[in-house]
> 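Below you will find the structure I want to go over with you.
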Amino acid sequence: MADDDVSDMLKAWGLESYTDVFKEHGIDISCLALLTGDMLREIMPMIGDRAKFNANLEEWRKVIALANNQAPFTELSNDSHFTIEIPSPVSLTSLTATDSEVSSYFDTQQSYSSDDIQNSQGSYTTEGKALLATYDADGLLDNSGRRKICNLIVRREFQEDPEISVKTQRLHFLAQEITKVFPKEHLSTYFIPYMNYENVDEQIQWLNSSCDPWNLVQKYWEITRTKRLKDILSLNSKGAIQPSDYMKSFPALKNLSGYILLIEDFNSIYPEKKENLFENFPVYKDKILQLGQKISNTLKDPSLKCIIKDYLDLAALERGETSSLAAFIILPFLFFPVTTKRKKGIPAWRPSKIESRDGFITHIKSNSEFIETITRRKQKYSQLDKLDTILCIPESSPNNNNCSTKNSIRKVISSLYANPQIPRNVVQTVVEDMTDIFNSLHQTIKEKTNQLLLNDTISNESFDHFNNILNEFEHPFSDHNTEYKRIKYFTELGTYIPPREYVVGERLTETRKKNSFSLVSVHCTAQFIPIRDVLKNFFQIKNLLSNTLDYMNECKLNEKILLNFLQGSVWKDKDKYHEYQTVVPIFLFFDDYEIGNPLGSHSGIHKLGAVYLSIPCLPPHQKSSLNTIFLALLFHSSDRQKFGNNVIFKPLIDELNYLRNTGIEIETDDLKVNLKFELGIIIGDNLGIHSITGFVESFSSNHPCRVCNIRKEELRKQCYADDNLLRTVEQYNIDVNEGDVSNSGVKEKCVWHDVIGFNVLDQVGVDIMHDILEGVGKQQLLLNNLFIKGNLGNTIEPGSSNNLISDTDIQNIKKFMVIDSLDSLISCSWISIKGTKYQTTMVLTLDVNQNSLPEFGIIHDLYFYNNTVVVFKCLKLNTIGFDEHFCSYEVIKLRINEVLIYHHMLYTHIPNNISVLSNGSTYVTLRSAI
């Protein structure tokens with residue numbers, strides 16, 4: 001067991017949380033110095049705590065070694081000593097270390113033995129004798145006695161020189177002598193050595209190889225700041241270290257937030273310069289832009305004038321970050337380039353204006369330029385023995401983001417994948433064809449540009465400027481030329497959330513190998529989509545969360561109109577549990593569907609079950625979109641029937657409990673909130689809900705209703721709900737325990753009761769689409785329309801009458817029939833007569849000729865006169881004969897043979913089918929007998 005000495009030392013070292021661990025492992029003062037690194041890693045998993053313990057333990061070992069070597073006055077460190085002030089009586093355990101410098105040795109120090117301790121007590125007869133008497137009587141000292149003995153020793157120490165400094169070794173020696181005089185006293189009661197925490201080599205080594213987690217990076221960065229800055233400043237003064245080397249030494253500096261670490265170091269070195277650039281730059285920004293405009297007007301190089309003008313136009317957009325960026329980039333153009341000093345073997349070099357700008361800030365307008373720019377700069381500066389520039393890559397600019405070829409390509413690819421009418425293999429074909437087009441265009445333009453450069457038509461700087469633009473189109477699909485790369489990219493980006501496959505059971509399948517059959521066990525799997533990731537990405541869409549919260553507040557404040565599920569009593573009860581928290585309801589929808597022919601002989605084999613998720617509190621214009629319905633679970637329906645609901649739905653239930661208890665952190669431009677979710681209701685068709693909630697799936701059973709306990713005989717004739725028959729939680733639990741399905745309609749306990757706060761009886765879900773829109777509601781609306789009209793519909797219903805009738809047709813119609821007024825005659829695109837719809841290009845049976853062959857005509861125009869008479873203008877066909885092979889009549893079209901015929905004069909009113917074969921033969925197939 002760990003003794004009190006070890007406990008006190010851990011507390012003094014700031015590691016009291018490990019006291020119980022040391023006790024559990026039986027570590028006492030005798031084995032403390034024997035602990036190895038492997039032992040410490042087992043009992044102290046945190047690197048920071050282990051580093052602190054090692055530093056303290058090493059210092060303690062030095063103290064013990066010095067004391068055992070009888071060298072109590074040897075200096076432990078050059079900057080550590082204890083200062084004791086008198087005459088205030090202070091316990092040695094309360095002495096604190098300071099960092100002031102002291103002399104390396106003191107002549108006035110003298111050693112004590114256990115006899116000295118007794119003599120010191122004897123010299124103060126009253127207090128000394130009292131202490132010895134108390135110890136002899138009780139066998140130990142109380143806190144008052146310990147303070148007295150400390151006072152006695154302190155007075156003895158300072159009786160010759162009150163200004164003397166007492167060394168660490170001296171205090172440890174005195175504490176050891178006290179334990180000899182009073183054997184039951186503990187060494188740590190009187191002395192715990194001060195430890196120097198400047199040994200941060202282990203933390204620096206961690207920073208040299210790690211950059212995650214970020215909170216630990218920040219902690220170690222602060223702890224090691226003094227040593228790091230001391231080393232870097234001393235090396236930099238000798239020219240022994242470059243910024244690039246420093247960046248490589250600490251990977252965390254390459255992180256997106258790495259600049260924060262550099263800012264903290266700068267503020268530590270120059271505290272008076274903190275925020276200096278931020279505060280003063282707005283004052284100088286306008287001056288820089290004005291000077292840039294002035295220089296642009298005086299420059300003779302048109303390419304430079306064009307470049308500066310682009311940045312001035314960028315600054316003119318009056319956006320804070322954009323104009324500041326433009327000012328920084330223009331700044332190098334305000335100075336004349338300086339020729340570098342000539343070195344042995346290295347020629348002198350005078351950079352151009354563009355190179356001076358890139359030496360300060362390299363402005364890369366797209367990701368495609370990055371690798372080429374770095375490669376070109378390395379080649380350039382390697383010749384000059386220099387590579388010390390700072391590279392700045394803006395994430396986006398007002399016009400660059402939308403125009404970026406890479407971003408446009410990614411949007412196109414994501415659109416192709418999102419289109420359900422485009423197979424995934426077609427996406428690969430599109431990418432390959434577009435790659436060929438881009439490569440061909442790029443090669444052609446580059447050859448023409450190189451020719452202009454060779455002919456001295458353009459300058460080198462203009463060529464570089466144009467070449468940067470051209471490189472935007474070089475190999476644009478290199479990162480997305482395979483489906484693996486595309487899916488990987490979208491996954492790393494976080495926009496594509498891949499499903500997680502999980503095993504729900506096993507089945508035996510028959511395999512054949514070398515004419516032998518065997519049964520092999522294979523996994524039955526289902527697919528689960530992590531809802532927490534989906535909802536996190538969804539609610540981080542711009543303005544979506546704020547709009548949703550505003551609509552939720554609007555619904556809660558509206559007490560007159562029932563707008564949303566939020567206003568119901570169920571959600572109000574749930575909302576009370578999450579007081580002062582942001583909670584959003586979730587609806588689950590379940591249904592089975594066939595991916596093959598639902599009426600075929602193999603129906604049911606490939607039947608899938610799917611669970612979808614929706615957010616009912618979204619604003620109405622967003623809730624009505626299919627984009628706000630998310631797939632959560634997908635499985636084979638047969639697996640659910642075989643392995644049960646508990647196995648199938650467990651991942652989704654665990655996810656719902658996580659969203660309820662922990663929630664997700666959402667951070668947008670205007671909000672930062674922990675969003676939690678509660679399962680509101682489960683909806684679907686009646687068969688689907690019964691199957692996943694444990695009720696009977698046969699609606700001809702004795703108790704087919706999940707809401708009430710009514711019998712099927714009463715259900716057929718009862719028109720009003722009976723509250724006495726409603727299912728209750730108490731009766732439901734009894735039905736589950738009894739397991740009598742025929743008398744209760746309950747097969748098993750509802751698996752969704754494992755979702756915290758959900759009860760299938762209190763949160764009864766019915767689907768408006770199945771029960772109303774596709775059920776009784778549709779029929780009632782049809783009846784309503786029938787009763788409003790007061791008839792079963794018109795016998796004749798004409799279509800649109802936009803076609804004009806030619807004078808020739810009017811003359812022919814007048815010859816065919818008597819017309820009182822042309823205003824009553826219209827030409828229709830289609831017309832419905834007693835439920836049969838006629839339109840142009842249909843084939844009608846006009847009559848039967850003397851050879852018993854039908855005469856056909858193709859509808860060319862339809863005329864409707866006086867709302868009662870229907871006339872067809874047909875192109876008559878010549879019937880050749882009946883083809884027994886096709887069971888159709890072969891016909892030929894006559895060039896000019898138009899006829900007019902009344903609808904009631906048709907031989908049959910059913911239109912026929914017409915087909916044209918590849919050889920040009922035309923056949924008409926009858927749809928009714930003649």
Side-chain angles (χ1 to χ4, degrees), residues 502-508 524-526 528 570 573 587-592 604 607-611 632-633 635-657 660 679-718 721-767 770-771:
Y502 63 100
V503 178
V504 298
E506 293 184 345
R507 59 180 172 84
L508 295 177
C524 299
T525 61
F528 167 68
V570 171
D573 293 338
F587 283 3
L588 293 183
F589 177 87
F590 169 77
D591 200 6
D592 288 321
K607 192 175 185 179
L608 299 181
V611 180
L633 205 64
F635 53 87
H636 287 280
S637 297
S638 58
D639 289 342
R640 186 190 63 79
Q641 297 171 359
K642 182 176 181 179
F643 302 111
N645 292 328
N646 288 292
V647 176
I648 295 294
F649 297 114
K650 186 179 186 306
L652 182 55
I653 292 173
D654 293 341
E655 189 80 348
L656 292 172
N657 287 332
R660 180 187 185 274
L679 177 58
I681 55 177
I682 301 175
I683 54 181
D685 61 8
N686 292 317
L687 178 62
I689 295 180
H690 277 235
S691 64
I692 68 173
T693 54
F695 293 97
V696 291
E697 300 174 34
S698 173
F699 297 104
S700 61
S701 61
N702 293 334
H703 300 274
C705 182
R706 67 180 180 276
V707 179
C708 66
N709 205 25
I710 190 173
R711 290 189 62 83
K712 64 179 179 180
E713 297 84 6
E714 296 295 325
L715 180 63
R716 293 169 183 168
K717 59 184 179 180
Q718 186 165 325
D722 186 352
D723 293 343
N724 296 323
L725 295 176
L726 294 178
R727 296 184 184 271
T728 62
V729 176
E730 295 78 8
Q731 185 60 43
Y732 174 81
N733 293 331
I734 295 174
D735 294 339
V736 171
N737 293 330
E738 291 180 351
D740 189 355
V741 179
S742 61
N743 290 328
S744 65
V746 179
K747 290 199 310 181
E748 61 183 8
K749 180 183 177 182
C750 179
V751 66
W752 300 100
H753 286 175
D754 292 339
V755 178
I756 301 173
F758 179 82
N759 189 285
V760 71
L761 301 181
D762 295 335
Q763 297 162 250
V764 176
V766 292
D767 185 26
H770 288 93
D771 292 351

> Do side-chain atoms of Asn702 reach the backbone of Ser742 as a donor and acceptor pair under 3.5 angstrom?
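Judged by distance alone, yes, a pair lies under 3.5 Å.
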> Under the side chain to side chain contact (heavy atoms under 4.5 Å, CB included) criterion, do Ile692 and Ile648 qualify, and how do the steps go?
CA-CA 10 Å; Ile692 68 173; Ile648 295 294; over 6 Å; no
> Give a yes-or-no answer on whether the side chains of Glu748 and Asn645 include a donor-acceptor pair shorter than 3.5 Å.
yes
> For His703 and Lys712: C-alpha separation, side-chain torsions, deciding distance, then whether side chain to side chain contact (heavy atoms under 4.5 Å, CB included) applies.
CA-CA 6 Å; His703 300 274; Lys712 64 179 179 180; over 6 Å; no
> Whether the side chain of Glu655 engages the backbone of Ala632 through a donor-acceptor N/O pair (distance < 3.5 Å, no angle test) should be reported.
no
> Taking the side chain as C-beta and beyond, is there a heavy-atom pair between Val611 and Phe589 under 4.5 Å?
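No - every pair of side-chain heavy atoms lies 4.5 Å or more apart.
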> Work out which heavy atom in Asn709 is nearest to a heavy atom in Ser744; give both atom names and the distance.
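That closest heavy-atom pairing would be OD1-O, 3.5 Å.
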> Checking Asp722 against Ile710 for the side chain to side chain contact (heavy atoms under 4.5 Å, CB included) test, could you report, in this order, the C-alpha distance in whole Å, the side-chain angles of both residues, the deciding distance, and whether it holds?
CA-CA 9 Å; Asp722 186 352; Ile710 190 173; over 6 Å; no
> Where the side chain of Arg640 meets the backbone of Ser691, is there a donor-acceptor pair that is under 3.5 Å apart?
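Judged by distance alone, yes, a pair lies under 3.5 Å.
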> Starting at NZ of Lys607, measure out to OG of Ser638 and round the result to the nearest 0.5 Å.
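Answer rounded to 0.5 Å: 10.0 Å.
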> Any idea which heavy atoms bring Ser637 and Gly609 closest together, and the distance?
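Closest heavy-atom pair between Ser637 and Gly609: OG-N, 3.4 Å.
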> Could you measure the distance from the CG atom of Leu652 to the CZ atom of Phe590? Nearest 0.5 Å is fine.
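Taking CG in Leu652 and CZ in Phe590, the distance rounds to 11.5 Å.
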> What pairs of residues pass the ring pair (Phe, Tyr, Trp, His ring centres under 6.0 Å) test when at least one of them lies in residues 736-755, not counting sequence neighbours?
Phe649-Trp752, Tyr732-His753
> Go through the structure and list residues passing side-chain hydrogen bond (donor to acceptor under 3.5 Å, both in side chains) with Gln718, not counting sequence neighbours.
none
> Heavy atoms only: give me the nearest Gly688-Asp685 pair and the separation to one decimal.
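What the structure gives for the nearest pair is N-OD1, 2.7 Å.
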> Does NZ belonging to Lys650 count more than 12 external heavy atoms closer than 6.0 Å?
no
> What pair of heavy atoms forms the shortest contact from Val647 to Phe643, and how long is it?
CG2-O, 3.7 Å
> Looking at side-chain heavy atoms only, is the closest gap between Gln731 and Asp735 below 4.5 Å?
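Yes; the side chains approach each other to less than 4.5 Å.
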> Name all residues meeting the ring-ring contact (aromatic ring centres under 6.0 Å, His included) criterion together with Phe699; count only those two or more places apart in sequence or in a different chain, and write none if there are none.
His690
> Between atom CG of Leu679 and atom CZ of Phe587, what is the distance when rounded to the nearest 0.5 Å?
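Going from CG on Leu679 over to CZ on Phe587, the span is 9.0 Å.
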> Show me, pair by pair, the donor-acceptor contacts under 3.5 angstrom made by side chains of residues 754-762, not counting sequence neighbours?
from	atom 1	to	atom 2	distance (Å)
Asn759	OD1	Leu761	N	2.9
Asn759	OD1	Asp762	N	3.4

> Can you tell me how far apart CD (Gln641) and NE2 (His636) are? Round to the nearest 0.5 Å.
12.5 Å
> Kindly write out the residues that satisfy salt bridge (charged side-chain N to carboxylate O under 4.0 Å, His left out) with Arg507, not counting sequence neighbours, or none if the list is empty.
none
> Name all residues meeting the salt bridge (charged side-chain N to carboxylate O under 4.0 Å, His left out) criterion together with Glu697; count only those two or more places apart in sequence or in a different chain, and write none if there are none.
Lys747
> Using a 3.5 Å distance criterion without hydrogens, assess whether the side chain of Arg706 forms a donor-acceptor pair with backbone atoms of Gly765.
yes
> Distance check, rounded to the nearest 0.5 Å: Asp723 atom CG versus Leu726 atom CG?
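One gets 5.0 Å once the value is rounded to the nearest 0.5 Å.
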> What's the verdict on side chain to side chain contact (heavy atoms under 4.5 Å, CB included) for Phe635 and Leu608, showing C-alpha distance, side-chain angles and the deciding distance?
CA-CA 6 Å; Phe635 53 87; Leu608 299 181; over 6 Å; no
